[in-house]
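What follows is one structure encoded as structure tokens, with my remarks underneath.
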Amino acid sequence: MQVTRRVFTSGLAAGLAAPALLRGAQAQGATIKFGQVVPITGPAAEAGKYAMAGAKIALEKVNKAGGVLGKQVEIVTEDDQTTNPGAVLAFSKLATNADIVGFIGSIRSTQVHAMAPDILKTAKPCMFGGTDPTLTKLGNPWLFRCRPNDSYSGRVIAAYGLEELKLKKWGIVHSTDAFGTNGMKALAGALEAAGVKPVVIQGYANQSQDFTPVVLALKQAGIDVLGSYFTFENDLGIFARQLRQLGVNAPWVGSPSIVNVTALKLAGPALYNTFGVADYAEDSSPEAKAFADAYRGMMKVDPDNQSSWTYDAVNLLAAAINKAGKTDPQAVREAMLSIKGFKGAEGEYNFDQNGDGLHGYNVVQNKSGKIVFSKHIEFKD
Amino acid sequence: MDLVLQLLFTGIGIGSVYALVALGFVLIFRATNVVNFAQGEFSMVAAFLMVIFAVDLGWPYWLSALLSLGGMAVYGVIFNLGVYYPLRHRTYLPVIISTIGASILVTNTMLALYGPQPQVLAPVFETPGFNIGPVYLDSQYLLIIAVTIVLVAFQYWFFEHTLLGKKLQATSQDKEMASLLGIPVAAMIMITFVYSALIGGLAGILVAPILFVSIQMGGTIALKAFAATIIGGFGDVAGAIIGGLALGVIETFGAAYVSVPYKDGFAFLVLVLFLVFRPQGLFGERVAEKA
Amino acid sequence: MPLIECKDLVVRYGEIEALHGLSIAVEAGEVVTLLGGNGAGKSTTLRSISGLAKPAAGDILFEGQSILGLGPEEIVRRGIAHVPEGRRVFPGLSARENIMLGASNRKGLSKAQIQREADEMFDLFADIRPFADALGWTLSGGQQQMVAVARGLMAQPKLLLLDEPSLGLAPVIVQKVFAIIGQIRERGTTVLLVEQNARMGLSVADRGYVLETGRLVLTGNPAELWANEDIRAAYLGGHSRAKAAAG
Amino acid sequence: MTSITDVSPAARRTAPLGLLAYVALAAVAVFFAATHSFDAYITNILMQAATYSVAVMGLTVVLGLCGQINLAQAAFFGLGAYAVGLGTVDYGLNFWVCIGLGLVTVLAAGAFLGASTIRLGGHYLAMVTISFQQIVTLVMINWIPVTHGPDGVSGISRPGLFTTAQAYLAFCVTVLAVVGYLVWRLPSSPLGRAMRAVRDNELAASVAGIDVQRTKVTAFAICALLGGLGGALFAGGFAYVSPDQFSFAESIVFLTMVLLGGVASPIGAVVGTGLLILIPEWLRFLKSVPGLYLAIYGLAVILIVLFMPDGIWGWISQFTRRFGSRSGVAPVRAEATALELRGSSGHAPEVLRVEGLAKHFGGLKAVDGVSFSVKRGSVHALIGPNGSGKTTTLNVLSGIYAPTAGSITLDGLDVTNLPPHRRTIAGLGRTFQNIRLFRTMTAVENVIIGAEHPGNPVQKAHHALDARARAALAFVGLGDRADELVTSFSYGHQRLIEIARALAGNPTLLLLDEPAAGLNSTEKLELTALLKRIAAKGLTILIIDHDMTLVSDVAEHITVLNFGRRIADGDPVSVLNHPDVVTAYLGSEPDAPY
């Protein structure tokens with residue numbers, strides 16, 4: 001069997017190396033390359049399309065403005081198949097390309113976790129969108145987050161509900177996946193810090209077909225405000241419809257998915273008048289507005305946070321390299337950390353030593369299907 | 001009590017969907033002795049056809065439904081010829097793998113053709129539902145329950161009161177003897193696949209307005225329908241219906257009174273208990289004792 | 001021209017050759033019995049005629065035309081009904097439904113017509129009339145045998161193949177089954193019968209063939225065959241005579 | 001995947017040479033992995049391929065060798081991975097301790113799953129494994145205090161010696177090579193032979209003295225063990241585990257890997273694993289259309305099932321076997337000694353005593369109160385017309401059916417309620433009316449399985465069993481064809497192999513179920529002579545047959561059944577002339593004269 005293994009290994013090495021060498025030879029030095037790990041297949045393939053579009057818009061903008069270090073920028077993408085092993089392979093494949101000076105990682109926290117050891121080994125900056133707070137506390141100096149982490153979303157939801165809406169009987173609904181569970185912990189923590197204990201917390205598994213038991217539990221607990229963390233839009237759509245059908249009409253402040261385009265399309269009127277925390281809100285700043293116009297021009301749909309963070313990531317990476325004046329990873333990292341007050345589509349970036357760029361959220365409201373900016377809440381810590 | 005009634009309604013509604021898909025499983029299993037791991041994709045494909053006809057082309061709902069079901073009939077024929085028929089003389093294992101391959105193929109073809117976004121299909125009725133006392137009845141679920149009842153009645157009439165139904169039964173019980181009587185066995189199996197694709201497709205069309213149309217919708221439902229089939233007994237049509245309804249109700253009440261995140265776990269726990277203590281299902285399968 | 005004629009049939013099941021060049025013929029209106037011990041090739045002959053077994057060599061002519069290579073569904077449409085060994089009654093269908101399906105080879109019949117004919121069958125098989133709506137698996141062996149024969153007759157065959165109708169039945173039931181075969185013979189249906197119960201088989205036959213390990217060893221009318229010592233040997237072993245004589 | 005080809009007998013005979021070649025090649029592969037500097041991408045691919053291959057080899061054992069389906073391999077893989085992940089990260093345990101704990105866990109889980117569901121075959125087993133898979137996934141996601149829930153476990157460390165990716169990869173390849181060797185050699189070990197026997201023919205396996213249930217559970221446990229081992233290595237290799245990596249979809253991937261490569265050999269596992277990891281990588285250029293390459297993958301699965309039933313390796317090895325067979329080394333043959341039979345070692349004058357035996361199937365009384373006894377050293381025949389209950393009686397005697405009533409005493413021991421393999425150990429040997437050999441094995445392997453059961457007083461060393469098997473084959477006249485596959489023998493000779501298999505087990509009573517069925521007249525004469533030779537050695541025989549010539553030639557005593565009851569019993573001449581017997585065979589006088 002070892003014959004097979006050896007043939008297999010060396011054949012593999014040769015087969016994979018050949019095209020890489022060819023590509024390297026023709027393109028060496030002509031452009032600056034960014035690598036992007038993005039889901040093209042699998043359950044998150046849809047989000048992947050948006051993420052690529054956001055990056056592309058930023059890319060065009062950077063190149064039109066003269067590129068990076070005087071060279072045009074190019075983005076190389078790899079499919080992560082919406083799985084963790086897929087993300088690891090996709091990243092390590094990009095990492096073998098020595099021309100790539102920085103990476104755009106994933107919006108899924110578990111994928112960033114999976115890729116983190118390879119990112120550390122590659123030792124080049126990687127911008128990512130996963131919101132698990134622990135990611136920037138791994139001691140991995142190359143991770144830079146382009147979205148506010150979940151500890152902020154939880155605090156913002158709590159702050160908005162308690163201070164703006166003045167409501168105290170909280171119900172929380174969350175997906176039991178990584179995103180939803182962390183979000184729930186952050187929200188419950190923020191509420192408890194303000195001396196409020198949620199009256200009911202309900203988790204659900206992704207791809208549930210029915211939420212009647214969840215809704216009835218909320219109803220029985222007599223909540224007057226609902227906080228939620230939904231991962232997939234179809235779950236959100238089913239839940240929203242059943243919530244309203246079964247007569248729960250309490251104000252609802254949801255995690256970012258509540259205002260994304262697909263959710264609006266799927267849930268329709270069931271989401272009217274809900275609030276959402278949004279790392280991206282079109283009316284929150286002129287930069288956000290500019291991005292929205294560019295995005296609509298290209299994709300013919302409204303932008304959301306799936307695309308805005310990759311837009312910022314590419315801009316930030318380009319800015320940091322330009323600021324450093326070279327592509328040396330250490331220099332780029334230092335340049336990135338020194339960036340202050342960078343105005344992106346998502347908000348104002350001030351990277352802290354952990355690599356967290358944003359420290360607050362927008363709150364928006366769904367007014368009959370239109371997303372209207374309500375308030376920005378920023379934290380100093 | 002209100003709570004119980006509300007849960008019961010939802011449980012029966014979702015259980016009806018499981019029952020319809022389970023019915024498709026059972027029919028194919030009885031005719032070919034094979035578990036079709038691509039059964040859920042019947043529902044998914046039909047729902048996508050509905051989106052194409054009713055949403056994209058904007059054709060009337062009834063016409064779109066007819067065309068989608070027509071498409072499913074064709075799909076059933078292709079499925080039989082491509083996935084089952086060439087392997088009919090082999091053991092169950094290659095056929096299982098082949099149906100798994102078909103499931104991957106169809107799911108991803110749909111993704112390639114139609115993109116990854118979940119699609120919205122409007123419900124049949126304008127009114128989303130109404131209250132009877134404290135219980136809210138979703139009109140789409142009511143429709144699903146009604147269609148399930150009609151289909152069960154039709155199924156009963158078709159298998160018990162038509163010659164074709166009898167020939168199908170004969171084929172599933174003893175193919176060689178059926179051929180000796182002049183019953184065209186290959187055609188009977190073809191009809192079974194087409195009928196199964198139609199039932200699965202109908203389930204898909206009905207449930208699409210509730211669960212939305214996505215490439216994963218088939219797999220999620222099929223896994224539960226599987227469990228329903230085991231609970232009801234693999235050889236039994238009535239068992240599939242009751243198994244599906246039972247599963248829907250168990251799941252809903254389990255979620256309400258025990259744990260929501262483990263909702264899917266109840267289905268499989270019940271399944272394991274059945275497999276270990278009553279593998280022949282609720283009603284029992286006549287298993288001849290053989291050397 | 002014989003109604004059915006097998007010429008030099010050779011049939012193999014994997015390594016075993018079940019028939020080594022068997023030739024037999026049945027004239028229209030005859031009842032012919034195939035006799036022989038276990039493994040003599042009797043059932044294989046019937047299975048070859050009805051298309052279940054594929055001969056490796058030889059030919060089968062039905063009404064002068066070769067039916068070799070046709071599927072069972074086509075052969076029964078041409079008028080050959082096979083009531084196989086073990087009866088093979090559909091367990092999940094009622095006796096009446098089983099019988100009704102016997103007409104599957106006949107085109108253009110209404111369901112009502114088939115139902116009427118099936119009910120007429122219960123005149124011939126009065127014993128199973130009370131069980132018309134009982135499911136196949138609940139019937140006793142004798143009842144199942146009657147259902148199987150009735151089902152075969154529903155095809156209105158020109159040739160009826162009966163394989164071991166007495167198998168596993170108590171003597172009193174065997175008598176009944178053979179009484180029915182006698183009635184079928186009176187209706188003028190041609191019958192090729194395989195029977196282990198030699199005396200019974202010959203009692204209803206015009207002629208008989210005796211097979212031993214895939215070959216024809218004897219042929220003749222029932223009285224001749226019964227008188228022949230070899231038939232005893234075919235069933236009770238070659239040495240039994242000698243030993244019996246010695247004893 | 002239905003017709004399971006096997007390592008060719010030639011390959012197994014040349015084991016010492018093969019072993020050398022294997023060790024050499026494995027050493028080269030490990031050396032290559034340890035020294036050649038791959039880039040991170042290729043290291044990751046190789047790491048994934050190596051760890052997955054270990055798990056896929058588990059499926060080679062359970063599916064390829066034992067013929068059982070397992071759709072939960074990803075769950076076992078995940079349990080192993082979590083043991084290492086949680087153990088090293090949360091509890092600060094040593095990596096090796098964690099691997100050990102993980103293996104104990106999966107072994108227990110695998111054995112439990114196997115034992116609780118093993119009586120269910122086919123589809124049901126598939127369903128139970130799917131359910132187990134789903135439950136494991138749900139627990140991983142929801143039991144947050146212990147499993148970290150959906151976050152997964154990150155920062156998993158590697159053992160001290162292998163902290164670099166390169167060294168760890170070399171370690172994984174070494175483990176793969178060792179596991180590959182064991183899986184490669186398993187088929188020719190007693191356990192592997194038992195598994196193959198169970199796969200080829202469960203009934204014959206149990207009658208040859210194999211505990212079918214225990215063998216299946218063992219196969220399941222080994223499969224789980226290798227799944228867990230692969231998972232444990234995976235956790236160290238990628239430093240991060242999360243529940244979505246061990247989902248049902250991954251179990252399907254594992255299954256596809258083994259089927260694609262070929263279930264018959266560990267090479268197939270490696271080939272299949274390698275391809276299924278690489279194909280999506282190679283097809284990345286199709287990514288401009290989402291879903292396209294997975295669609296092609298699905299289509300490929302169907303096409304492989306249709307056109308390459310033995311998988312890619314099975315397909316390739318057809319050619320290697322065709323061209324390589326002539327160069328095989330001459331078989332090393334143990335000296336065929338004379339066959340010793342235990343024969344009449346007991347004391348009671350009756351070897352078998354059957355009293356009031358009944359077996360009812362629903363309302364059908366197949367056997368209805370039969371009593372008879374078989375004298376030591378005699379040849380006893382049990383006859384009767386078709387459907388008289390002979391074969392049912394034999395099946396009750398050998399433990400395939402439980403009797404409705406009555407008792408069976410074998411050589412003084414009450415065996416009425418023993419399972420088939422225990423009866424074989426107690427001294428029963430039998431053959432079947434429809435020959436039941438292990439079709440993928442050679443003649444001598446078939447017979448070795450017959451000799452291997454614990455009740456047989458021969459040495460259990462391989463050469464002793466081999467010698468006994470060859471002696472048994474020589475005794476039936478097939479000594480010089482011992483190393484051929486059984487499928488290459490004629491029907492009559494297959495019968496003789498079956499008899500040799502029973503004889504090799506040293507039975508006190510040999511049950512022969514219609515040994516003359518399907519034989520031509522020459523073969524019948526040979527069989528008669530063989531039975532006389534066996535009888536001459538003093539072995540007691542109970543024979544059922546329709547061939548009266550054979551029966552009257554060899555039997556000293558005949559019992560006749562009809563309608564499940566005994567109608568005559570005595571010496572051949574009087575029994576064959578008994579009026580009831582004549583009637584039973586030739587038919588009663590019809591009512592109406594013709």
Side-chain angles (χ1 to χ4, degrees), chain B residues 23 26-33 85 88-89 155-192 232-240 280-281 283-291, chain C residues 46-47 49-53 70-94 96-107 109-115 118 133 135-138 144 147-148 151-157 160-161 163:
Chain B
L23 198 57
V26 168
L27 289 171
I28 288 186
F29 181 79
R30 297 208 323 168
T32 65
N33 259 313
Y85 203 69
R88 65 193 180 283
H89 297 305
Q155 172 102 9
Y156 174 78
W157 170 79
F158 179 64
F159 278 98
E160 294 306 319
H161 293 281
T162 69
L163 269 182
L164 182 58
K166 294 295 164 193
K167 288 180 183 176
L168 286 167
Q169 286 195 52
T171 306
S172 72
Q173 289 166 23
D174 187 343
K175 288 188 191 51
E176 189 177 86
M177 191 61 229
S179 74
L180 279 180
L181 296 180
I183 297 171
V185 170
M188 292 299 125
I189 289 175
M190 182 65 90
I191 291 172
T192 306
F234 247 107
D236 199 321
V237 170
Q280 71 274 40
F283 298 97
E285 202 181 341
R286 279 188 308 277
V287 192
E289 208 175 337
K290 272 188 190 166
Chain C
L46 296 199
R47 290 174 67 85
I49 294 173
S50 66
L52 290 180
L70 298 180
E73 293 153 27
E74 175 57 26
I75 288 174
V76 65
R77 250 168 246 143
R78 296 195 179 195
I80 301 179
H82 184 175
V83 180
E85 182 179 347
R87 309 178 267 272
R88 308 280 284 269
V89 168
F90 298 114
L93 298 181
S94 71
R96 179 186 282 114
E97 288 162 351
N98 264 283
I99 294 172
M100 285 170 69
L101 284 180
S104 299
N105 64 327
R106 293 156 60 197
K107 290 257 182 305
L109 284 180
S110 71
K111 193 186 161 199
Q113 172 79 23
I114 295 176
Q115 200 134 26
D133 294 312
L135 291 183
W137 67 279
T138 64
Q144 287 190 358
V147 169
R151 186 173 62 183
L153 289 175
M154 282 294 283
Q156 295 194 342
L160 182 65
L161 308 175
D163 197 349

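In what follows, chains are A, B, ... by sequence order, proteins preceding strands, each numbered from 1.
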- Item | Test item: C/N98 side-chain N/O and C/L93 main-chain N/O as donor-acceptor pair under 3.5 Å | yes
- Message: Which atoms of C/R47 are under 4.5 Å from chain B, going by heavy atoms: the side chain, the backbone, both sets, or neither?
- Response: side chain
- Note on the structure: Looking only at C/P72, C/P84, C/S104, most heavy-atom pairs under 4.5 Å shared with chain B are made by C/S104
- May I ask you to name which of C/R106, C/M100, C/K111, C/M154 has the most heavy-atom pairs under 4.5 Å with chain B? C/K111
- Item | Pair C/L101-B/K167, side chain to side chain contact (heavy atoms under 4.5 Å, CB included): steps then yes or no | CA-CA 7 Å; C/L101 284 180; B/K167 288 180 183 176; 3.6 Å; yes
- For C/R77, is it the side chain, the backbone, both or neither that has a heavy atom under 4.5 Å from a heavy atom of chain B? side chain
- Closest contact, heavy atoms only, B/Y85 versus B/A186: OH-CB, 3.5 Å
- Under 4.5 Å from any heavy atom of chain B - which part of C/L52: side chain
- Note on the structure: Minimal heavy-atom distance between B/M177 and B/D174, with the atoms involved, is N-OD1, 3.1 Å
- Ranked by heavy-atom pairs below 4.5 Å to chain C, first place among B/V185, B/L180, B/L163, B/T162 goes to B/L180
- Whatever's closer than 4.5 Å to a heavy atom in chain B on C/I114 counts as side chain
- Which heavy-atom pair separates C/Q144 from C/G136 by the least distance, and what is that distance? NE2-O, 3.2 Å
- Query: Which pair of non-hydrogen atoms, one from C/G92 and one from B/Q173, has the smallest distance, and what is that distance?
  - Reply: N-OE1, 2.9 Å
